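Everything below concerns the one structure shown next.
Please read these numbers as outputs of a predicted model, since none were measured by experiment. Whatever order the structure lists them in is the order used to number ligands and atoms, beginning at 1.
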Amino acid sequence: MVAAYSVHRLTKRYPGGVTASDNLSFDVQQGEIFGILGPNGAGKSTLVRQMVGLTRPSSGGIRLFGKQIRPHDALVRRSVSFLAQSPLALLDLTVKEAVAYTGMLRGLSPQQAERSAQALLDELGIGDRARRVIGRMSGGEHRLAGLAAALAADPPVLILDEPTNELDPVIRSRVWNLLERRRRAGSTIVLVTHNVLEAERVVDRVAIMARGRIAAIGTPEALKRQLRLQVSLELTGATAAVLGVARELGDVRDAASGKVRVRVGGNLGAALQRLADPAVFSGLESLRVLHPSLEDVYLSIHGQPEEAGDDRAV
Ligand code: ADP
C-alpha cells in the first residue's frame, strides 16, 4: 500500500538563516496516527505547513498518496484537512453552519452536510451549542468548533496541530476517542503536540524533532528499546538510609517532592536486593516499578521540558 505521506530530504531555510526543516525523510502510513513531538522552535509547524502546501520547501519533496505535492495543490485540498493553531476565522457563523459549510466545500450535499454536522457536534459533546455564534464562544469551545470543521466530510488525512489545547480533561478524552474511531475507520492522522503523555496514549508512531531534524522516530515501544531506557523505581517514605542506597543505584530524580525516582537500568534485581536490606527496607513506605514512558525518551533528547506543569509522571 502506498504511504499516505512520503517526505524525502525535505529542507526549509528561512531568510535570515534558520534551517527549520533539515533534510527530513520519513513516511506516514495510511491508517496510522503519527505524532510529531518537539519543543517550541523545533520545526513542527514548518514541517506540517509544507505537508499541506502552505509553505514551499527550499529543497526535497513530499508525496501524498504517491503524488508529488505543489503549493496550493488541489490534491491536498481534496484529501487533507488541517487544523492549525490559529483559531477558526469564521467568527460570524454558528458552529453548525461552519461545520456544514466546510462539509459542502468538501463535496457533501447541503442535506448531508447539515446531518453530518449535527452528528459530529453531538459526537464531540457540543450538539447543544450548535447554534452558538463562534465569535462569542470560549477558547476551548472555539477549538472544538475548529476541530469539528476539520473533521467535516471525513477527509482521508487529518493534520491536527495541538488539537486538545485549552480543552478540559473530559472533552480531551472524548476527542482522543473520536480520533481513535476515525483511525479505525481508515483515516490517517498526523498529530502535532508537545504533550508527550497524551501522545503516548494515541500514537502508533512518533517523530521527535529537535532543531529542524528528526532526533528519533518509531513506535513508542521501539524508541524506548532503542534508547536502552529501562525501568526506574519510585520510592516514598525515603529515610537517609534509603536515599543513600538510591544514590548508590543510579541517578536520583525528584527527591524534593518526597518521592525518589531512581533509574536502575538493567540492574533491577541488584537494586531490589539492596533495598531488601532490613535497615533500608524498614524506612520505605512504598516501592513502585516504573516502566519507561515516551516522556523518558523525550527527556533523554530534550532534557527537562519547560512546561513540566501537572502532567509530569512523577
Ligand atoms: P515549532 O512549530 O516546532 O515551534 P517552527 O516551525 O514554528 O517550530 O519554527 C522553527 C524555526 O523556524 C524557529 O527557529 C522559528 O523561529 C523559525 N521560523 C518559523 N517561521 C519562520 C518564518 N516565517 N521566518 C523566519 N523564521 C521562521
Side-chain angles (χ1 to χ4, degrees), residues 5-28 33-62 64 69-73 76 80-89 139 142-143 146-147 150 157-167 172 175 179 188-200 202-203 205-218 220 223 294-309 311-312:
Y5 267 111
S6 220
V7 173
H8 183 65
R9 306 191 66 167
L10 186 74
T11 298
K12 175 68 188 177
R13 274 179 228 96
Y14 284 116
V18 177
T19 304
S21 301
D22 191 355
N23 203 23
L24 302 174
S25 295
F26 64 93
D27 286 351
V28 178
I33 300 187
F34 184 86
I36 299 177
L37 291 178
N40 290 338
K44 305 179 298 296
S45 302
T46 300
L47 170 59
V48 295
R49 287 178 59 81
Q50 292 171 99
M51 290 170 77
V52 295
L54 288 174
T55 293
R56 191 189 287 270
S58 306
S59 62
I62 301 177
L64 176 62
I69 65 165
R70 324 221 163 269
H72 311 292
D73 198 313
V76 177
V80 182
S81 172
F82 177 42
L83 176 67
Q85 285 269 3
S86 47
L88 210 57
H142 202 142
R143 194 91 195 120
L147 182 63
V157 180
L158 283 163
I159 299 188
L160 308 173
D161 196 347
E162 297 284 358
T164 57
N165 248 2
E166 297 185 76
L167 301 184
R172 225 183 259 198
V175 168
L179 294 179
T188 303
I189 301 173
V190 176
L191 178 68
V192 180
T193 181
H194 48 227
N195 191 329
V196 187
L197 293 178
E198 283 196 346
E200 178 155 21
V202 293
V203 298
R205 285 191 311 136
V206 66
I208 301 180
M209 294 196 67
R211 291 178 300 280
R213 297 190 176 190
I214 293 179
I217 185 166
L223 291 182
L294 189 57
E295 190 187 37
D296 292 315
V297 176
Y298 187 92
L299 292 179
S300 77
I301 293 168
H302 287 297
Q304 298 296 315
E306 289 153 36
E307 61 285 327
D311 282 342
R312 292 290 316 281

Query raised in the report: Just which atoms of ligand 1 are under 4.0 Å from any heavy atom in Val18?
Result: 11 (C), 12 (O), 14 (O), 17 (C)

Requested in this report: Looking only at protein heavy atoms, identify the closest one to atom 5 (P) of ligand 1 and say how far it is in Å.
Outcome: Thr46 OG1, 3.7 Å

Query raised in the report: Purely on distance, is any nitrogen or oxygen of Pro15 under 3.5 Å from one on ligand 1?
Result: no

Query raised in the report: In the protein, what heavy atom is nearest to atom 10 (C) of ligand 1, and what distance, to one decimal place, separates them?
Result: Gly41 O, 3.4 Å

Requested in this report: Answer yes or no: are there more than 12 heavy-atom neighbours, outside Arg205 itself, under 6.0 Å from its atom CZ?
Outcome: yes

Query raised in the report: Which residue holds the protein heavy atom closest to atom 8 (O) of ligand 1, what is that atom called, and what is the gap in Å?
Result: Gly43 N, 3.1 Å

Report task. Considering heavy atoms of the protein only, find what lies nearest to atom 7 (O) of ligand 1 and give residue, atom and distance to 0.1 Å. Result -> Ser45 CB, 3.8 Å

Query raised in the report: Aromatic ring centroids of Phe34 and Tyr5 under 6.0 Å?
Result: no

Requested in this report: Walk me through it: do Glu198 and Thr164 pass the test side-chain hydrogen bond (donor to acceptor under 3.5 Å, both in side chains)?
Outcome: CA-CA 9 Å; Glu198 283 196 346; Thr164 57; 3.0 Å; yes

Query raised in the report: Is Arg172 reaching over with its side chain to a backbone N or O of Leu167, donor-acceptor style, under 3.5 angstrom?
Result: yes

Query raised in the report: Counting distance only, does the side-chain N/O of Arg211 pair as donor-acceptor with the main-chain N or O of Asp22 below 3.5 Å?
Result: no

Query raised in the report: Is there a protein heavy atom less than 4.0 Å away from atom 24 (N) of ligand 1?
Result: yes

Query - Thr55 (side chain) donor-acceptor with Gln50 (main chain) under 3.5 angstrom - result: no

Query raised in the report: Would a 4.0 Å cut-off, counted as strictly less than, catch a protein heavy atom around atom 15 (C) of ligand 1?
Result: no

Requested in this report: May I ask you to list the atoms of ligand 1 that are less than 4.0 angstrom from any heavy atom of Pro39?
Outcome: 3 (O)

Report summary line: atom 19 (C) of ligand 1: closest protein heavy atom, distance to 0.1 Å, is Tyr14 CE1, 3.4 Å

Requested in this report: Would you check if the side chain of Lys44 reaches a backbone N or O of Gly38 as a donor-acceptor pair within less than 3.5 Å?
Outcome: yes

Query raised in the report: So do the side chains of His8 and Ser25 get within less than 4.5 Å of each other, counting heavy atoms only?
Result: yes

Query raised in the report: In terms of atom number and element, which parts of ligand 1 are under 4.0 angstrom from non-hydrogen atoms of Asn40?
Result: 4 (O)

Query raised in the report: Does any N/O atom on Ala20 come nearer than 3.5 Å to any N/O atom on ligand 1?
Result: no

Report task. Identify, by atom number and element, the atoms of ligand 1 in contact range of Lys44, meaning under 4.0 Å from any of its heavy atoms. Result -> 1 (P), 2 (O), 3 (O), 4 (O), 6 (O), 8 (O)

Query raised in the report: With distance as the sole test, does Thr19 use its side chain to make a donor-acceptor pair with the main-chain N or O of Arg13 at under 3.5 Å?
Result: no

